[in-house]
Each structure stands twice: as C-alpha cells, then as structure tokens.
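The next block holds one structure in the form of structure tokens; read it before the comments.
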There are 2 protein chains.
Amino acid sequence: MTTALIDAPQRTIRIASVPATVRAASPVAPLRTQCSACHLKDLCLPCGLSGEEMQRLDSLMFGRRKVAAGQTLYREGDRFQFIYAVRSGTFKSSLTLADGREQVSGFHMAGELMGLDGVANGHHASSATALEDTEVCAIPYAHLTELAASSSNLQHVVSRLMSREIVREHSLMMLLGSMNAEERLAAFLLNLSQRMKARGYSSSEFHLRMSRAEIGSYLGMKLETVSRTFSAFHQQGLLEVDKRHVRIVDIEGLQRAFESRVH
Amino acid sequence: MTTALIDAPQRTIRIASVPATVRAASPVAPLRTQCSACHLKDLCLPCGLSGEEMQRLDSLMFGRRKVAAGQTLYREGDRFQFIYAVRSGTFKSSLTLADGREQVSGFHMAGELMGLDGVANGHHASSATALEDTEVCAIPYAHLTELAASSSNLQHVVSRLMSREIVREHSLMMLLGSMNAEERLAAFLLNLSQRMKARGYSSSEFHLRMSRAEIGSYLGMKLETVSRTFSAFHQQGLLEVDKRHVRIVDIEGLQRAFESRVH
DNA sequence: CGCAAGCTTGATCGCGCTCAATTAGGGTGG
DNA sequence: CCACCCTAATTGAGCGCGATCAAGCTTGCG
C-alpha cells in the first residue's frame with residue numbers, strides 16, 4: 001500500500017457510479033437504523049444537522065451489521081461501497097506491509113466513521129478489524145453523496161469529516177516524526193481518555209481493547225517498549241496498569257509527559 | 001496543533017457560510033484563470049471533468065497570486081476561505097511545535113492542491129510556505145461547494161482529492177512508523193522522481209527545492225542523518241549528489257532500498 | 001494438564017541523535 | 001576587490017534510546 005507514496009498524487013480520475021440496487025446485494029443484516037433515534041447522533045455522522053436534514057438521512061435506512069471479535073469488516077483492496085459508523089465496540093484500521101507485518105493506522109470507537117480512505121480510488125486503502133464484538137451502520141456512499149447534492153449542510157458534514165481525518169493524521173505524523181516513547185504513549189492515553197469521556201465513560205479508568213503489539217504498531221514502537229513505558233509511567237506514579245486495565249492516577253503528570261515537547 | 005490528537009475526533013459542527021463578496025476582499029491579484037485554458041488541467045483540480053463541468057469551473061474565475069520564496073501563503077490558525085492549486089514553484093506545509101520547531105507535513109508541486117485540512121473547522125491546520133518564487137490559484141471553497149452541489153461529478157472530484165490526501169498520509173504514517181533512514185530517503189526520492197516525471201521533467205535528475213533540515217523534518221530524521229544517507233546512497237552507486245542537485249543513477253537499486261521492507 | 005498467546009523484564013547491540021569542526025557558497029559593506 | 005558574516009551541507013566521534021534477543025510469568029482453553 002505504500003506504493004501510494006511513490007505515486008503521483010493526482011492522476012486521471014474516473015467517476016464510478018454505484019448502482020442503486022447495490023444495497024440489496026450487500027451482506028448487511030436486515031436490521032435498519034434511523035439516525036434520529038440513535039443514541040450516538042450527537043457524536044456520529046448526523047452531528048450538527050437540523051431536524052429536517054436528519055430525516056433525510058433517516059430515509060436512507062442504514063443497514064446494521066455485526067462483526068465478531070477478530071473478524072474484518074473490510075480489507076484493503078476491497079471494492080469501496082460503504083462507509084461505516086461504529087455503533088458499539090472497537091475497531092482497528094491497518095495496512096499490510098510486504099513482509100506480512102501489519103501497520104495499525106487508527107482505532108475507532110462508537111460514533112466514529114471508517115472507510116473514508118476508499119473514496120480516493122474506489123477501493124479500500126486499509127483493512128478494518130473488530131477488536132471485540134462490534135456492530136456498525138453500513139452507509140452506502142453513493143446514496144449519501146446523492147443526498148448531499150441536495151443539502152449543502154450534509155455535504156459540508158461529509159467534507160468536514162474527511163478533512164478531520166486529514167487533520168487527525170497530521171497529528172499522528174507529528175507524533176511519529178518528533179516524539180519519544182513516553183510522549184507517544186502519553187499522547188495515546190490522553191486521546192483515549194478524552195474519547196472515553198465524550199462517550200460518557202470514565203476518563204480515568206478504562207479497558208484497552210488492543211494488544212501491546214497493536215499499540216506499538218500504531219505509535220511506531222515495539223511491543224516491549226510499550227510495555228516498558230507503561231511500567232515507567234507506573235513507577236512515576238502516573239498510572240496503575242494491570243494488563244489491559246488502565247487507571248490514570250495523575251492526569252496532569254501525564255499531560256506534562258506529553259507536553260514536554262509538543263503543545 | 002497536536003492538541004487535535006487528544007481531542008475527541010467528532011464534536012458539534014457549526015456550518016459557517018462564507019459571504020459571496022468574500023473574494024473581492026481577499027488579497028488576490030487581479031489576474032484570473034480559466035481551468036480549461038490551463039496547461040495543468042490534466043494534473044490539477046479539473047482532472048477527469050467533462051467539458052461542460054470545466055466550463056462551470058471556469059465561471060469561478062480563480063484569482064491568481066504570487067508568493068515569493070520564503071513567504072507564507074497561509075498560516076496555521078488563519079481563517080479558511082480558499083484552497084490553493086500550485087501553478088508554479090514548490091511549497092512546504094508545516095505545523096509548529098510548542099518549542100518553536102517546525103514539523104514539515106508535505107511538499108507541493110505544480111498541479112497539486114493545498115489547504116484541504118482547513119475544511120475541518122474553518123481554520124487552516126497547517127502553514128504553507130513557498131520554497132521558491134511561486135504562483136497559485138486561489139479557489140474560493142464556498143463557491144466550489146456551491147458549484148459541486150449541482151454537479152455530482154465535481155463533488156466526487158473534491159471528495160476524492162480529500163480522500164487521496166488521507167491515503168497519502170496513511171503512506172507517510174507507514175513510512176514514519178516502520179522504515180529506517182535509508183528506506184525513508186529512498187521512498188522520498190522515488191516519490192519526487194515520479195512527480196517530476198508526471199510533470200514532464202526528468203525523473204532521474206532534478207533540483208531539490210527543500211533543505212536537508214526540511215527533508216529530515218518531513219521524514220522524521222535529523223538533517224545530519226539525511227546528509228549521511230545521501231552520502232551512503234552515493235557510495236552504493238545509487239545517486240550522484242551535489243548539494244541540492246540529485247541524479248538517480250540506479251533507480252532499481254533505489255527501489256530495492258525502498259522495498260527492502262515495504263511493498 | 002499441556003500448550004499457546006500475551007505481557008513483563010533483563011541484557012545487549014546498533015541506528016540515529018547530539019555535539020562539534022570544517023568547507024563551500026552567497027550576500028554585504030568597507 | 002577582498003574581508004567578513006551567515007547559512008547550508010558534510011563528516012567525525014561518542015552516546016543513548018529503543019530494537020533485538022531471550023527468559024519467565026500469567027491466563028485461558030482444549
């Protein structure tokens with residue numbers, strides 16, 4: 001996939017139109033969702049939309065789909081038809097390197113969208129794997145853009161979500177380009193903490209859904225270093241760690257570890 | 001800016017509408033551009049559009065703007081109104097760290113777009129600095145989305161450009177997360193080589209517009225390491241280097257250095 | 001009970017960072 | 001014109017962070 005890095009960033013674009021019947025052929029459970037009735041509506045796609053616009057979204061009747069722990073929702077190279085909103089559980093996004101190792105590019109929790117990287121050329125650029133039993137809404141991208149054509153607000157929302165993804169990756173690049181192991185892990189934990197808080201969970205105590213190896217891949221370090229850094233934070237009195245259970249004891253201290261280099 | 005990393009990735013969105021008179025107030029030179037007459041039209045924004053759609057783009061009459069070497073086109077935090085297409089010259093995008101150091105997040109050549117990260121929240125998330133004397137088209141984003149509302153193809157083009165940016169950054173994350181110094185510099189040079197070729201220049205011999213420090217910042221290594229790696233490639237018979245002038249002697253060898261780890 | 005997977009911890013090594021000296025090129029002013 | 005300064009780049013020496021290799025522990029599952 002890193003071939004994208006040595007491709008010219010802009011080449012001839014061919015507009016693929018997805019047939020309107022595509023939804024019927026997809027492996028989506030019969031259950032359908034209305035955004036207006038969803039408990040995640042303030043976090044997820046419809047966030048910021050007016051009542052009228054949300055009703056239009058409702059008309060799309062997104063199909064739900066369950067993905068068991070360890071299963072993939074889509075793989076890199078798969079034809080791009082849907083973007084997915086996480087309803088429950090946690091996913092990782094990853095790319096596969098030539099030698100078979102994986103590079104984790106993100107973690108996704110309830111209310112977050114996945115798959116926007118597929119818009120670029122009609123195929124998913126990464127794989128999405130469930131880290132626990134999960135449920136998603138499958139949003140047919142072609143229908144979404146149809147709808148967006150008649151609602152500039154919805155169009156803005158989709159654009160902003162994509163732009164936000166760009167900004168998020170900027171931040172991660174900065175992390176990978178200029179931070180040491182402690183700063184990286186502190187940034188990761190603080191980010192997780194905020195996202196837990198936004199979802200109504202404790203911001204100071206939570207269960208990690210991902211392995212040390214997955215954290216390490218995401219942060220650009222080896223699993224042993226992740227483990228050692230957890231231990232170091234414990235010895236500094238910042239954390240209590242038991243396997244995947246984490247309690248943040250001194251959040252200001254953790255922020256200091258993070259801000260030691262980056263604002 | 002890395003605060004984005006510890007922000008919940010989705011929060012309440014407010015739709016800002018840009019007044020239609022905004023263009024008149026902007027610091028754009030009176031010269032106006034029509035995409036259909038531009039020599040870059042196959043690389044740039046209108047790439048893939050039909051004649052009719054290109055005429056609609058023409059109606060926006062993008063203003064041109066010259067930016068002298070070392071000057072910024074926009075800075076992080078600036079109000080987002082325009083995206084910019086490079087007409088000539090080279091830019092770097094960068095973020096500023098708390099300690100004043102900069103982190104380069106990209107280089108942009110003729111035909112490439114800049115500023116899409118500003119869509120996320122109405123402010124530019126990065127700064128754009130000219131590495132030589134340059135000229136850009138200033139594309140009023142609000143007008144572009146207006147136009148896109150009536151042309152699904154144009155909407156797709158804009159979405160794809162944003163998605164492509166996401167994919168590009170995925171690749172860079174992979175580079176920063178899992179490659180060593182030689183692999184990073186090889187990837188960088190091969191990418192540059194392809195982009196030069198796409199613009200009709202020699203793919204094997206070109207002038208670097210950026211300093212060793214800027215390359216290093218972009219690739220997550222120190223300028224001394226960049227310099228040493230250039231020397232190493234020279235000793236391996238892959239390159240001839242004289243300051244910023246580079247000639248690729250053995251492109252297959254360079255690809256091997258790149259593919260040693262990543263496909 | 002045995003086996004495998006995930007995590008921790010220790011010991012050692014090496015890549016890339018840091019500090020430092022040198023050279024070359026460009027701009028400026030006397 | 002040269003003296004001077006400033007910046008960019010190269011190269012060397014030494015060190016430290018994080019990778020690598022390895023051992024041991026816990027937990028879960030057949």
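Residue numbers start from 1 in every chain, and the chains themselves are labelled A, B, ... in the order their sequence lines are given, proteins ahead of strands.
Remark: C1' of C/dT8 and CG of A/Leu223 are 10 Å apart, rounded to the nearest angstrom. Distance CD (A/Gln235) to C1' (C/dG10): 13 Å, rounded to an integer number of Å. We find that CE of A/Met179 is positioned 12 Å from P of D/dG18, with the value rounded to whole Å. Residue A/Asn180 contributes atom CG, which lies 15 Å from atom C1' of C/dT18 at whole-angstrom precision. Atom CG of B/Asp242 is separated from atom P of C/dA24 by 12 Å (rounded to the nearest Å). Atom CD in B/Glu183 sits about 14 Å away from atom C1' in C/dG16, given to the nearest Å. Atom CG of A/Leu176 is separated from atom P of C/dG16 by 16 Å (rounded to the nearest Å). If you take CD of A/Glu214 and C1' of C/dA5, they are 13 Å apart, rounded to a whole angstrom.
In this model, a donor atom of one side chain and an acceptor atom of the other lie less than 3.5 Å apart for A/Glu169 and B/His170. If you check the side chains of B/Glu76 and B/Ser126, you find no donor sitting under 3.5 Å from an acceptor.
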Set out, in order, the CA-CA distance, both residues' side-chain angles and the distance that settles salt bridge (charged side-chain N to carboxylate O under 4.0 Å, His left out) for A/Arg65 and A/Glu135, then state yes or no. CA-CA 6 Å; A/Arg65 188 161 153 191; A/Glu135 196 176 11; over 6 Å; no
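Nearer the 5' end of DNA chain D, as judged by each residue's closest nucleotide, is the contact made by A/Gly220, out of A/Gly220 and A/Lys243.
Each of C/dG16, D/dT10, C/dC17 was ranked by its minimum atom distance to the side chain of B/Arg228; first place goes to C/dC17. For A/Glu224, counting side-chain heavy atoms from C-beta on, the closest listed nucleotide (D/dA22, C/dG16, D/dA19) is D/dA22. Looking at the side chain of B/Lys222, the nearest of the listed nucleotides D/dG18, C/dC17, C/dT8 is C/dC17. The side chain of A/Ser211 lies closest to C/dC7 when the candidates are C/dG16, C/dC7, D/dA22.
A/Phe80 and A/His124 have perpendicular rings, their planes meeting at more than 60° on a 0 to 90° scale where under 30° would count as parallel.
Distances shorter than 4.0 Å separate none of the side-chain N or O atoms of B/Thr225 from OP1 or OP2 on C/dC15. In this model, the phosphate group of C/dT8 is approached by a side-chain N or O of A/Ser227 to a distance below 4.0 Å at OP1 or OP2.
Within the nucleic acid shown, A/Arg244 comes within 4.0 Å of sugar-phosphate atoms alone, with no base atom in reach, counting heavy atoms only.
Note that the two end axes of the helix from C/dC1-D/dG30 to C/dG30-D/dC1 enclose an angle of 30°, each drawn from 5 base pairs, rounded to 10 degrees.
Remark: A/Arg212 is positioned above the aromatic ring of A/Phe230, its terminal NZ or CZ atom under 6.0 angstrom from the ring centre and at most 45 degrees off the axis.
Judged by distance alone with a 3.5 Å cut-off, no donor-acceptor contact links the side chain of B/Arg184 to the base of C/dG16. For a distance-only test at 3.5 Å, the side chain of A/Arg212 fails to qualify as a donor-acceptor partner of the base of C/dT9.
The aromatic ring centres of A/Phe107 and A/Tyr218 sit less than 6.0 Å apart.
Salt bridge A/Arg228/A/Glu182: absent, no basic N to carboxylate O contact under 4.0 Å.
The salt bridge (Lys or Arg N to Asp or Glu O under 4.0 Å) check on A/Glu165 picks up A/Arg168, with sequence neighbours excluded.
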